[in-house]
Every structure is written in C-alpha cells, then in structure tokens.
Amino acid sequence: MLLKDKTILVTGGSSGIGAAAAIGAARQGADVAINAAGRRRRVREAAMRYVVLAAALALATPAAAQITVIPAPAQPAAIPLDTGDVAGAREAEGWLDLAGQRVVRNVRSATLTPFLPPPGKATGAAVIVAPGGGFAMLSMDNEGWPVARWLADHGIAAFVLKYRLRQTPADPKGFLRDMGAVFATAMRPGPDLAVETSRDAVADGLAALALVRRRAGEWHVDPARVGMLGFSAGAMTTLGVVEAATPETMPAFAAPIYGPMRTITVPAAAPPMFAAMASDDPLFARKGFGLIEAWQAARKPVEFHLYQKGGHGYGMGAKGTTSTGWIASFHDWLAMNGFLKARP
C-alpha cells in the first residue's frame, strides 16, 4: 500500500484476477469459506474488498486500485438539519474517490438534500434515503444520489440524508485500516454482532422526517406518507428511527436494505416494512431472519426479498443478478400498500 500525493495505490497478492474482474466480484460480495482452515483469510479479503467497492479493497488482485482524496462536490440544495456537532470531534469532513465512487467521511453537520419529482408527476409520497458505510463513511454514489434520482423519476420525493458519522483517522491509510477492522469484525461467522447504531444518525433521521413533514406543502408531499429507506448502516439507522420514534413521529414505512436481520422489539406503532438482502451477503446472510419474524409475530405488514446473489453493498443492484429488481419491487410494494395515491 503506497501513499502518493493524495492517492493511495492498493496492491494485492499474486492472483491473476484483473482489476475490473475484482471490482465486479467485490460488488457481488465475497463468500466466507465454509472450511475452517480458509475462513479467516477469506473473511479478511472480503472485508477489505468491501472497503473499496461498496466500498472495499480488492486485496486478491495484483492490479492497483486508486483511493483518492477529492474536493467536496457542490451540494447547493443541501439543507442543514441543525442537529449539532459530533461530540469531541476534531477531524473535518472529507471526501474520497473509492474505485470511482464518491464517499464522504467524518460528517459533523447533518444535511438533507431533496430530489423532487418532475412537475405533475408527484404522487405525494416521500422517502428519506440513508446511505451506508459502517457509520464511518457514506456511500453517496452507490446508495444515495442514484437511488434518490430513481425515486424522483417515479413520482416519489426523495431526500438523501447525510447523517453524522463517527470520527476516523484523517490519514487515508489509517482510515482504510479502521474500515478493514470494522468489516472483518462484522463478517465473523456466527450470530449478528450487536453493532451499536449511532445515536447521532438516529437523531438526524428523526430530524429529517420532521423537516420533510414541516415543509410538506412546499415539496408537494403528504405528511402521512413520508417513510425511510436505508442501506447497511443506513438500514440500522432506519430501524433505530423506528425504535426511537413516537406514534406521531414514526415513519409511514421502513425499508432496511441489506441490514442486520437480528430481532428487535417491535414498537406498537411500527410501520409496514419492506426488506431486501442477498443470500451471499458476507456480512449479514446465514445469520437468521429474526427481524422479519419479529414483524410477523407483531402482526405488522412485512415483505422480504432474499436474492440468490448480490453480495453486500450492491446499491441499485449487482449487475447480472436479480438484485437489480429490488427498487422496482419496492415501488410496487408502496403502490400495493396505497402509499402512491392520495388518501381520503
């Protein structure tokens, strides 16, 4: 691993897999080896691949993957949520290009960016979109902006939540070591680890819901049809919001995408839930479906899609797999439950 100006060149072992193939494999995730002898090596490699693309490093390829410090993109529509700073924070917000995808880290001031449907196409429904990244970064190009654009194009007002994150080293190499440790831990075999959901992220999610409802008239949104969708850590944030909300502040629906499936205590006012993940997800697959079972036991509406392939961090879907259909299924589920039409 070499640091060259503001670009890190990450090199791997002697495998003949090319960079493009490694990136494609990373998008689909990496299986943990079934045999005990190879498990640790595969877990470590898969965790690092996730850091560069979805976001992960491809350590098993001799080709170099670039990780570049970049300027913050223009965000003229971003609205500050005024939820405060991260306690004890010292590092400033920073952006990286990870294998061609922009991510942000060390977020200290939460914002919400609207993506509104074209005039005359708005259904009145709205979705808060929470990208993932282990509460250490937000994968904006993979799990934020494109998802919001798709929803807006289909008549659903979308709002990308840039929630506050835990602090990581300013040095990109230190950041990568930090992320590798996080995902290697999450990928260990056995039951889902009790990964702590960020209280800051949950507070930002609740603030985002309140803001959209407060400005619903301006954005042509029905306050009763504002829900939340999140990926990975964003899925954890979405469920954290459901757990923390009162009946008055509860999202109208919740959509955790490839988040932990561990059981939670379902609030009495819990909303309908749409969930999706891939059976080859190296972080959360093969650890049971307690979350789905909890919603069923509480007699709450729930729809769950388990795709054969897709890995973790597939965003809009891993090319060549049926996971690309999740967002259309989510749209159909919203329609089936009446969220895409005005209510009497």
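Quantities reported herein were computed from a predicted structural model and do not represent experimental measurements. Position 1 is the first residue of the sequence; numbering continues from there.
Between His312 and Ser232 the shortest side-chain heavy-atom distance falls below 4.5 Å. Inter-residue side-chain proximity for Val302 and Gln296 is flagged as met; some heavy-atom pair is nearer than 4.5 Å. Contact check for Val242 versus Pro271: side-chain heavy atoms found under the 4.5 Å cut-off. The closest side-chain heavy-atom distance from Thr324 to Tyr314 is not below 4.5 Å. At a threshold of 4.5 Å between non-hydrogen side-chain atoms, the residues Ile67 and Phe175 do not count as touching. Between Met273 and Leu291 the shortest side-chain heavy-atom distance falls below 4.5 Å. Looking only at side-chain heavy atoms (C-beta outward), Met228 and Leu161 come within less than 4.5 Å of each other.
Of the charged side-chain nitrogens involved, at least one lies within less than 4.0 Å of a carboxylate oxygen, so that Arg108 and Asp85 count as a salt-bridged pair. The pair Asp178-Arg105 does not meet the salt-bridge criterion, since no charged nitrogen lies less than 4.0 angstrom from a carboxylate oxygen.
The closest donor-acceptor contact from the side chain of Ser323 to the backbone of Ala318 lies under 3.5 Å. Using modelled atom types, one side-chain atom of Arg286 and one backbone atom of Ser279 make a donor-acceptor pair closer than 3.5 Å. Without hydrogens or angle criteria, Arg225 side chain to Lys341 main chain gives a donor-acceptor distance under 3.5 Å. The closest donor-acceptor contact from the side chain of Asn337 to the backbone of Phe339 lies at 3.5 Å or more, if one exists at all. Distance alone, capped at 3.5 Å, is enough to place a donor-acceptor pair between the Gln167 side chain and the Glu91 backbone. Distance alone, capped at 3.5 Å, is enough to place a donor-acceptor pair between the Asn106 side chain and the Thr168 backbone. Between the side chain of Thr123 and the backbone N or O of Gly155, at least one donor-acceptor pair lies under 3.5 Å. In this structure, Glu93 contributes its side chain and Ser109 its backbone to no donor-acceptor pair below 3.5 Å. Judged purely by atom type and a 3.5 angstrom limit, Tyr307 has no side-chain atom pairing as donor or acceptor with the backbone of Asp280.
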Checking Arg262 against Met236 for the side chain to side chain contact (heavy atoms under 4.5 Å, CB included) test, could you report, in this order, the C-alpha distance in whole Å, the side-chain angles of both residues, the deciding distance, and whether it holds? CA-CA 10 Å; Arg262 62 176 177 268; Met236 295 171 65; 3.8 Å; yes
Decide yes or no on side chain to side chain contact (heavy atoms under 4.5 Å, CB included) for Phe253 and Val127, but give the supporting numbers first. CA-CA 9 Å; Phe253 51 86; Val127 180; 3.7 Å; yes
So Leu138 and Lys162, side chain to side chain contact (heavy atoms under 4.5 Å, CB included) or not? Walk me through it. CA-CA 7 Å; Leu138 298 177; Lys162 188 174 77 173; 3.7 Å; yes
Start with the C-alpha distance between Val129 and Trp145, add both sets of side-chain angles, then the distance that settles side chain to side chain contact (heavy atoms under 4.5 Å, CB included), and finish with yes or no. CA-CA 9 Å; Val129 179; Trp145 301 323; over 6 Å; no
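A distance of 10.0 Å separates CG of Asn142 from CE of Met316, quoted to the nearest 0.5 Å. Distance check: His331 NE2 to Met336 CE gives 13.0 Å after rounding to the nearest 0.5 Å. Atom-to-atom distance recorded for Asp171:CG and Leu176:CG is 8.5 Å, nearest 0.5 angstrom. The distance from the CG atom of Leu96 to the OG1 atom of Thr68 is 8.5 Å, given to the nearest 0.5 Å. The line from CE of Met179 to CE of Met137 is 3.5 Å long, rounded to the nearest 0.5 Å. Here the straight-line distance linking atom CD of Gln308 with atom OG1 of Thr322 works out to 7.0 Å at 0.5 Å rounding.
Nearest heavy-atom pair across Gly144 and Pro131 is CA-CG, 3.9 Å. Listed here is the closest heavy atom pair of Ala254 and Thr238: CB-CG2, 3.9 Å. The two residues Ala276 and Trp326 have their closest heavy-atom pair at CB-CB, 4.5 Å. Taking all atoms of both residues into account, the shortest heavy-atom contact from Gly290 to Thr263 is CA-OG1, 3.2 Å. A pairwise comparison of heavy atoms in Ala77 and Pro114 identifies O-CD, 3.3 Å as the closest pair. Minimum interatomic distance between Ala278 and Leu306 (heavy atoms only, all atoms of both residues): C-CD1, 3.9 Å.
The number of heavy atoms from other shown groups lying within 6.0 Å of CD (Glu218) is above 12.
Residue Val86 is not grouped with residue Leu81 when hydrophobic side chains (ILVMFWY) are merged at heavy-atom distances under 4.5 angstrom, including chains of intermediate members. Under the 4.5 Å side-chain heavy-atom criterion for ILVMFWY residues, a single connected hydrophobic cluster contains both Phe330 and Ile292.
Screening Arg149, Glu143, Met140 for a side-chain contact (heavy atoms from CB on, under 4.5 Å) involving Val160 leaves a single residue, Met140.
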Check: residues 199-214 side-chain donor-acceptor pairs under 3.5 Å, at least two apart:
from, atom 1, to, atom 2, distance (Å)
Asp204, OD1, Thr83, OG1, 2.6
Asp204, OD1, Arg164, NE, 3.0
Asp204, OD1, Arg164, NH2, 2.9
Asp204, OD2, Arg164, N, 2.8
Asp204, OD2, Arg164, NE, 3.1
Arg213, NE, Pro223, O, 3.1
Arg213, NH1, Thr249, O, 3.2
Arg213, NH1, Met250, O, 3.4
Arg213, NH2, Met250, O, 2.7

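Between Trp333 and Phe274, the two ring planes are tilted [angle within 30° to 60°]. In this pair, Phe159 and Trp219 present their aromatic rings tilted. The plane angle is within the 30 to 60° band.
Separation of the Trp295 and Phe304 ring centroids does not fall under the 6.0 Å cut-off.
Scanning for side chain to side chain donor-acceptor pair (under 3.5 Å) contacts around Arg102 gives Asp141, with sequence neighbours left out.
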